> 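Pasting a structure here, questions to come.
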Amino acid sequence: CEDVTIEGLTIRAPADSPNTDAIDPSASRHVRISKCVIDVGDDNIAIKSGHADPAHPKAACEDITVSDCTFLHGHGMSIGSETVGGVRNLTVQRCTFSDTVSGIRIKSDRSKGGLVENLTYSDITMKNVKIPINITAYYPKIPKEDSAQPVTSKTPIYRNIRITNLTATSPQSAGFIVGLPECVVSNVVLENVRI
């Protein structure tokens, strides 16, 4: 899809209901999501690009803005887990999270990754969010040490991530930034982040 506006929606599902994503822009461009209340059991919003798009070879999913939304329960503002086609130019601003599992979440594994870049999160408030910042380029098996794998077109690459003016109270942990042994997460800026 292109040139999509989603504004003023309320989406609810029980907090313990599985696979109840609310809004999943997939391989979409120029999407604006604003003033929504989202209370679900899975991803509140999940940006996805499960395949490469020949018409948009540099990023299948790009130019997305999420603003002035309220997330209640669910897994937060997510990218992934399918990002093979690429995700770029995401702006999330003035959003509130309460009682979610994650706040900012970027997730993939080695068979579903791609280039994810130019992400900006600003003026974010979180209360009782278990993991405010949860960025993982694969699902590591802790405490097993992982070895580097060959880099392919499906290797998750995360870069140019900026988080400013974030306040989170009562988390279980501040968060995680987990890259791959063969491909680190690069150029991450946390500014005025209080957890």
Side-chain angles (χ1 to χ4, degrees), residues 1-50 53 56 59-83 85-108 116-136 158 161-172 175 192-195:
C1 296
E2 294 194 25
D3 301 314
V4 177
T5 299
I6 300 169
E7 183 175 358
L9 293 184
T10 297
I11 302 171
R12 296 191 191 279
D16 61 350
S17 56
N19 300 317
T20 51
D21 285 12
I23 302 172
D24 288 1
S26 180
S28 298
R29 286 154 295 285
H30 316 298
V31 178
R32 304 290 173 261
I33 302 168
S34 65
K35 300 177 184 173
C36 294
V37 176
I38 304 170
D39 186 359
V40 295
D42 206 335
D43 291 322
N44 300 80
I45 296 175
I47 311 299
K48 299 176 182 257
S49 64
D53 183 349
H56 302 277
C61 209
E62 65 183 331
D63 298 327
I64 297 175
T65 301
V66 178
S67 62
D68 304 295
C69 290
T70 301
F71 300 86
L72 307 169
H73 303 101
H75 293 180
M77 176 67 233
S78 299
I79 296 175
S81 60
E82 301 86 15
T83 59
V87 175
R88 73 173 176 210
N89 304 337
L90 168 69
T91 300
V92 179
Q93 57 193 2
R94 300 182 305 278
C95 290
T96 302
F97 298 73
S98 183
D99 300 307
T100 58
V101 174
S102 294
I104 295 168
R105 187 172 191 205
I106 306 170
K107 56 184 176 172
S108 190
V116 175
E117 66 177 347
N118 305 335
L119 315 175
T120 303
Y121 304 84
S122 63
D123 303 313
I124 306 293
T125 303
M126 300 182 187
K127 181 178 178 185
N128 297 324
V129 172
K130 290 181 182 177
I131 309 168
I133 299 170
N134 192 0
I135 299 171
T136 55
Y158 301 161
I161 301 167
R162 185 175 192 86
I163 302 170
T164 60
N165 301 329
L166 181 148
T167 301
T169 56
S170 304
Q172 287 184 358
N192 195 29
V193 171
R194 296 189 168 101
I195 299 174

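Bear in mind that the values here come from a model prediction, so they are computed numbers and not experimental data.
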> Under a 3.5 Å threshold, yes or no: a donor from one side chain and an acceptor from the other, between H30 and D3?
no

> Between D63 and R29, does any side-chain N to carboxylate O distance fall below 4.0 Å?
no

> With rounding to the nearest 0.5 Å, note down the distance linking SG in C69 to CG in N44.
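Those atoms lie 9.5 Å apart.
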
> Determine whether a donor-acceptor pair (N or O, by modelled atom type, separation under 3.5 Å) exists between the side chain of T20 and the backbone of G41.
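Side chain of T20 to backbone of G41: a pair is present.
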
> What are the two closest non-hydrogen atoms of R194 and N192, and how far apart are they?
NH1-OD1, 2.9 Å

> What distance separates I79 CD1 from Y158 OH, expressed to the nearest 0.5 Å?
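Separation between the atoms: 8.0 Å.
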
> Please lay out, stage by stage, how I106 and I161 fare under the test side chain to side chain contact (heavy atoms under 4.5 Å, CB included).
CA-CA 11 Å; I106 306 170; I161 301 167; 4.0 Å; yes

> Between I45 and D24, what is the shortest heavy-atom contact and its length?
C-OD1, 4.4 Å

> Looking at C95 and F71, what are the two nearest heavy atoms and their distance?
CB-CE1, 3.9 Å

> Would you please test M77 and I33 for side chain to side chain contact (heavy atoms under 4.5 Å, CB included) and show each step?
CA-CA 12 Å; M77 176 67 233; I33 302 168; over 6 Å; no

> Taking the side chain as every heavy atom from C-beta outward, state whether T96 and K127 have any atom pair closer than 4.5 Å.
no

> Mind listing the closest non-hydrogen atom pair of E62 and A59 along with its distance?
OE2-O, 3.8 Å

> Look up atom CZ in R32 and atom CD1 in I64, then write down how far apart they are to the nearest 0.5 Å.
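Interatomic distance, R32 CZ to I64 CD1, rounded to 0.5 Å: 8.5 Å.
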
> Any side-chain heavy atom of L72 within less than 4.5 Å of one from S98?
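SC-SC contact between L72 and S98 confirmed.
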
> Hey, does I6 have a side-chain heavy atom less than 4.5 Å from the side chain of P25?
no

> Would you compute the distance between atom CD of Q93 and atom CD1 of I124 and round it to the nearest 0.5 angstrom?
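Answer for the CD-CD1 pair, Q93 versus I124, is 8.5 Å.
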
> Going from CG on N89 to SG on C61, what distance comes out if it is rounded to the nearest 0.5 angstrom?
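That separation rounds to 10.5 Å.
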
> Tell me which one of I104, T125, D123 satisfies side chain to side chain contact (heavy atoms under 4.5 Å, CB included) with L166.
I104

> Judged by atom type as modelled, is there a donor-acceptor pair below 3.5 Å linking the side chain of S28 to the main-chain atoms of S26?
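Looks like yes, one N/O pair under 3.5 Å.
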
> Whether R94 and D68 form a salt bridge (side-chain N of Lys/Arg under 4.0 Å from carboxylate O of Asp/Glu) is what I want to check.
yes

> How long is the straight-line distance from CG of L90 back to OG1 of T65, given to the nearest 0.5 Å?
7.5 Å

> List the atom of A22, the atom of I11, and the distance in Å for their closest heavy-atom pair.
CB-CG2, 3.8 Å

> Could you tell me if the side chain of R105 sits less than 4.5 Å from the side chain of T100, heavy atoms only?
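They are not in contact (no side-chain heavy atoms under 4.5 Å apart), so the answer is no.
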
> With a 4.5 Å limit on heavy-atom distance, are the side chains of P171 and I195 in contact?
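The answer is yes, as the side chains (C-beta and beyond) meet within the 4.5 Å cut-off.
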
> With no hydrogens and no angle check, do the side chains of H73 and D99 hold a donor and an acceptor under 3.5 Å apart?
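Side chains of H73 and D99: no pair found under 3.5 Å.
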
> I'd like to know if the side chain of T83 reaches the main chain of S49, judged simply by a donor and an acceptor atom lying under 3.5 Å from each other, with no hydrogens or angles considered.
no

